[in-house]
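Remarks on the structure that follows.
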There are 2 protein chains.
Amino acid sequence: MNSPAYRLGDLQLRILQSLWDRPDSSVAEVHAELKPERDLAYTTVATMLRKMETRGLVAHREEGRSFLYRALVAAEEVSRSVGQHLVDRLSSGSLTEAVSHLLTSREVSRDELDQLEKLIKEAKRRSK
Amino acid sequence: MNSPAYRLGDLQLRILQSLWDRPDSSVAEVHAELKPERDLAYTTVATMLRKMETRGLVAHREEGRSFLYRALVAAEEVSRSVGQHLVDRLSSGSLTEAVSHLLTSREVSRDELDQLEKLIKEAKRRSK
DNA sequence: TCAGTAATACTACCATGGTAGTTTTAAGGT
DNA sequence: ACCTTAAAACTACCATGGTAGTATTACTGA
């Protein structure tokens, strides 16, 4: 919000996603959730959550001896911000160009292309 | 290459873009190119270029008393890397989802949608 | 030849993300 | 009442991006 969301680090974003999925998570829960992908120390997660709280990204309430955290920024908002930032970075603002980059730069399956086409048709319908 | 390209900072990416556009640019030229958008000190650009050279992102050759820089990483490669990283961040790897995010998160003009549709058709044709 | 100038080199500083160890606190069971 | 344990708090450290001032060097024109 006040702090630009696109600047989120990888871990921060991952933590937010975890909290979007399960609001009111304890540090232990977030830590457990991230465990398979990142083998972080418990305190790493705790510290990051505290830092994120300072930045206004999350908030906590007490529950017994634990803190339960929740995200203060909406997934939508962050997605938009992060996406917008990429579009700016990649192609100084041209969405078409950005998507073109994405399409040409990796293998895209037939199936994905179909889905994408549907997405666009839908967007068209909505916009009309 | 060896260092993951997606980690490029905004300024670094901007400098690379400038060099892709005009290879063998002096510091002064890069500085001038960026001037309108970012009013940076000359030495800021020079320092960043030196740092980027250390990281293997650019290289220079001497021309009189100036250094002429060129990018060592290809635009394609960086675009792919940056794009891929975003897709991972935004939707743990689903391109469709990522594009969907981009589409729903901002105003997309009719015209852009048309272009996008064309892009996809083209990709389909290519992949077949 | 010498002063000015334009270039690089060097140094420094700050913020932030990421990571984690150590210390304190408090709850809970025996 | 005390020991264990789990939680938060505090502190610390490093890398990197970004930014720029100061020092040095070397060319160039008067």
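Just so it is clear: chains get the letters A, B, ... in the order the sequence lines come, proteins before strands, and each one is counted from 1.
Residue-to-nucleotide contacts include a donor-acceptor pair under 3.5 Å from the side chain of B:Thr47 to the base of D:dA20.
Here A:Arg55 does not reach the OP1 or OP2 of C:dT16: none of its side-chain N or O atoms lies under 4.0 Å away. Taking side-chain N and O atoms only, B:Arg50 has a distance below 4.0 Å to OP1 or OP2 of C:dA9. Look at B:Tyr42 and you won't find any side-chain N or O under 4.0 angstrom from OP1 or OP2 of D:dG21. One finds no side-chain N or O of A:Arg7 lying less than 4.0 angstrom from the OP1 or OP2 phosphate oxygen of C:dA15. Neither OP1 nor OP2 of C:dG21 sits under 4.0 Å from any side-chain N or O of A:Thr43.
Taking a 6.0 Å sphere around CD of A:Glu107, one finds it holds 12 or fewer heavy atoms contributed by other residues, nucleotides or ligands.
Nucleic acid contact class of B:Thr44 (heavy atoms, under 4.0 Å, all strands): base. At the heavy-atom level, B:Ala46 lies nowhere under 4.0 Å from the strands shown.
Closest to the side chain of A:Asp10, from the set D:dT19, C:dG18, C:dA9, is C:dG18. Set against C:dT19, C:dA27, D:dG18, the side chain of A:Arg65 has C:dA27 as its closest nucleotide. Counting only heavy atoms from C-beta on, B:Ala41 has its side chain closest to D:dA20 among C:dG18, D:dG18, D:dA20.
Between the CG atom of B:Leu11 and the C1' atom of D:dT19 there is a distance of 9 Å, rounded to whole Å. Atom CZ in B:Arg61 sits about 17 Å away from atom C1' in C:dT8, given to the nearest Å. Regarding A:Glu62, its CD atom lies at a distance of 10 Å from the C1' atom of D:dA7, rounded to whole Å. If you measure from atom NZ of B:Lys51 to atom P of C:dT8, you get 17 Å, rounded to the nearest angstrom.
No hydrogens or angles considered: nothing links the side chains of B:Asp21 and B:Gln17 as a donor-acceptor pair under 3.5 Å.
Annotation: the span from B:Thr96 atom OG1 to A:Asp111 atom CG amounts to 8.0 Å, rounded to 0.5 Å.
When hydrophobic clusters are built by joining Ile, Leu, Val, Met, Phe, Trp and Tyr residues whose side-chain heavy atoms come closer than 4.5 Å, directly or via intermediates, A:Leu68 is not grouped with A:Leu16.
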